[in-house]
**Q** 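Mind looking over this structure? Questions follow.
Lettering follows sequence order; numbering is per chain, from 1.
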Number of protein chains: 2
Amino acid sequence: MAKVDTSLVAHLPLFAGVTPEALDEILREARSARYPKNSAIFEQGADAQSFFLLLHGHVRAAKTTPTGEQIVVRYVAPGETFGLAMAIGAARYPATAIAVDDSVVLIWPTSAWPRLVERFPSLAANTLQAVGTRLQESHTRILEMSTQQVEQRVAHALLRLAKQSGKKLDQGIEIDFPISRQDIAQMTGTTLHTVSRILSGWESQGLVESGRQRIILRDPHGIVVLAERSADSGAV
Amino acid sequence: MAKVDTSLVAHLPLFAGVTPEALDEILREARSARYPKNSAIFEQGADAQSFFLLLHGHVRAAKTTPTGEQIVVRYVAPGETFGLAMAIGAARYPATAIAVDDSVVLIWPTSAWPRLVERFPSLAANTLQAVGTRLQESHTRILEMSTQQVEQRVAHALLRLAKQSGKKLDQGIEIDFPISRQDIAQMTGTTLHTVSRILSGWESQGLVESGRQRIILRDPHGIVVLAERSADSGAV
DNA sequence: CTCGCAGTTTGCGATAGCGCAAAACGGGAC
DNA sequence: GTCCCGTTTTGCGCTATCGCAAACTGCGAG
């Protein structure tokens with residue numbers, strides 16, 4: 001019952017240093033599932049019964065305060081894992097995961113993790129690397145929020161999204177999943193109003209083209225100028 | 001040449017699931033060093049030649065922008081590791097580490113890490129746990145910076161410091177290492193002026209006692225009231 | 001083709017907190 | 001005991017950004 005073709009995932013960093021046979025064994029413990037656009041994959045606070053590997057689509061991880069404010073923790077791109085609560089010894093998910101596009105994921109039961117890392121220590125090392133990278137990114141984000149103004153933060157956020165999930169078009173680079181002003185606000189610690197104003201400004205300068213949940217960084221102007229702006233206060 | 005007594009570190013989470021013999025072998029690869037107050041242990045951008053375990057003292061990790069602004073990434077408490085650049089596959093330190101008190105550390109060469117994790121997979125798992133926890137804390141910090149006002153953030157920061165490194169006194173809980181207004185500002189994304197104003201306010205309300213690089217949360221009022229304030233906007 | 005609504009734009013007043021400047025303070029060095 | 005310097009306090013004007021409110025728009029459902 002090899003539901004998943006190993007060749008689809010063998011090249012992922014997560015499985016670096018894992019033999020084909022081992023990979024086969026690892027995949028045998030997983031099942032796959034499809035989540036339609038805008039459906040929840042797991043909710044913050046729920047029992048962390050599974051962890052996930054995104055195969056297709058895009059997933060937004062968001063954290064909510066008791067008073068209802070949200071922030072976007074990250075967007076998950078294909079090939080990345082998410083929902084690794086067990087890796088930090090947490091019994092519950094610290095955030096909510098929503099498919100922002102029709103998405104396909106591999107799902108392992110959390111209970112399988114200890115056995116897997118014991119049999120395949122590379123998994124732990126590879127996961128450590130991924131989590132460490134995310135920690136770095138978090139620190140960069142904190143640095144930005146502390147030292148830069150909103151416009152620079154938005155510029156940097158868009159550039160990162162374009163890099164992570166950009167689709168090359170004739171006019172420029174389009175962010176390859178639906179994203180609202182509100183989402184960007186929640187990534188940069190501001191309000192959708194301010195984001196809207198900033199994007200309007202850029203649009204009238206010909207730096208971006210944007211519409212309903214859709215943003216294109218115009219090449220070359222947009223990308224170059226935004227990079228300058230995001231660097232003005234010395235983002236890394 | 002067992003420089004380090006295993007009994008001093010055997011109980012640390014980092015070494016959970018490591019046999020005494022293995023621990024002995026691990027420690028044989030380390031050397032210890034003492035850093036006087038205010039000395040740099042490593043600088044941001046330098047080659048990550050070593051990673052560290054803090055035995056005594058306190059260390060501040062700070063990140064600097066090209067324009068010179070700094071933020072405090074974290075304070076390292078005894079028993080914690082720092083400088084794990086290799087864990088994220090970075091060749092250079094992403095932050096600067098300064099001893100804020102006379103400090104004693106164990107030092108391993110970065111080059112020893114791959115061999116250590118191969119021989120002792122628990123190390124990777126334990127480190128993953130630690131890094132994962134720090135990632136969580138980073139996310140909480142981002143959430144706070146996005147949704148709370150400065151006073152709440154400062155309240156929460158002090159409570160965390162008190163919990164991590166608080167020394168019980170008759171009057172209350174003292175943060176057990178020198179910390180300036182500027183440091184707190186750099187932890188909470190504000191300016192030393194604002195921190196000073198806030199602390200002055202709290203002092204006149206009898207919630208804290210503070211002086212030069214010294215802060216005491218007065219028990220019970222200070223701790224209780226600050227906890228309320230930090231929770232007002234729903235911090236986790 | 002039309003309607004309805006989620007998402008977006010825009011205006012405007014309010015304000016938290018910054019930035020600068022200057023004075024006060026206190027601990028350590030000698 | 002005195003001096004000096006790093007830290008802290010405090011005042012004040014300024015502005016980036018919020019928060020609310022209202023109008024607009026384009027997509028998708030039917």
**Q** Strictly under 4.0 angstrom, non-hydrogen atoms only: write out the protein contact profile of nucleotides 10-19 of chain C, one letter per nucleotide from the 5' end, B, S or -.
**A** BBB----SSB
**Q** Around B:R34, counting heavy atoms of other residues, nucleotides and ligands shown, do more than 12 lie under 6.0 Å from its CZ?
**A**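 Yes, the 6.0 Å shell around CZ holds more than 12 heavy atoms from other groups.
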**Q** Compare every heavy atom of A:R60 with every heavy atom of A:D183, then report the nearest pair and how far apart it is.
**A**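 Distance-wise, the nearest heavy atoms are OD1-NH1, 3.2 Å.
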**Q** More 5' along DNA chain D: B:G211 or A:R212, using each one's nearest nucleotide?
**A**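 Comparing both residues, the 5'-ward one is B:G211.
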**Q** Looking only at heavy atoms, which two atoms of A:G57 and A:D101 are closest? And how far apart?
**A**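 Nearest pair, atom of A:G57 first, then A:D101: CA-CB, 4.5 Å.
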**Q** Determine whether A:F51 and A:F82 satisfy the following criterion, ring-ring contact (aromatic ring centres under 6.0 Å, His included), listing intermediate values before the conclusion.
**A** CA-CA 6 Å; A:F51 63 94; A:F82 63 103; 10.0 Å; no
**Q** Rounding to a whole Å, what distance do you find between B:E209:CD and C:dG26:P?
**A**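 Those two atoms, CD and P, are 14 Å apart.
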**Q** May I ask you to decide if B:Q129's main-chain N or O and B:T133's side chain share a donor-acceptor pair within less than 3.5 Å?
**A**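 Yes; judged by distance alone, with no hydrogens or angles, the pair exists.
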**Q** Looking just at side-chain N and O atoms, do A:E69 and A:T67 make a donor-acceptor pair shorter than 3.5 Å?
**A**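 A pair is found: one side chain offers a donor N or O, the other an acceptor, under 3.5 Å apart.
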**Q** Check whether any side-chain N or O of B:E174 sits under 3.5 Å from a backbone N or O of B:A162 as a donor-acceptor pair, and report yes or no.
**A**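 Checking the backbone N and O of B:A162 against the side chain of B:E174, no donor-acceptor pair under 3.5 Å is found.
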**Q** Within the distance-only criterion (no hydrogens, no angle test), does the side chain of B:T96 pair as donor or acceptor with the backbone N or O of B:E43 below 3.5 angstrom?
**A**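 Answer holds: no.
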**Q** Given B:E144 and B:R160, is the salt bridge (charged side-chain N to carboxylate O under 4.0 Å, His left out) satisfied, shown in steps?
**A** CA-CA 13 Å; B:E144 285 180 21; B:R160 269 179 288 166; 3.4 Å; yes
**Q** Just to be sure I understand the geometry, which residues of residues 177-188 of chain A put a non-hydrogen atom under 4.0 Å away from DNA chain C?
**A**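 Residues of residues 177-188 of chain A under 4.0 Å from DNA chain C: A:S180, A:R181.
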**Q** Could you list where the contact with chain B starts and ends along DNA chain D, reading 5' to 3', using a 4.0 Å heavy-atom cut-off?
**A**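 Extent of the interface on DNA chain D: D:dG6 to D:dC12.
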**Q** Between B:Q213 (CD) and C:dC25 (P), how many Å, whole number?
**A**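 Whole-Å distance recorded here is 19 Å.
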**Q** More than 12 foreign heavy atoms under 6.0 Å from NZ of B:K168: is that the case here?
**A**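 Correct, the count exceeds 12.
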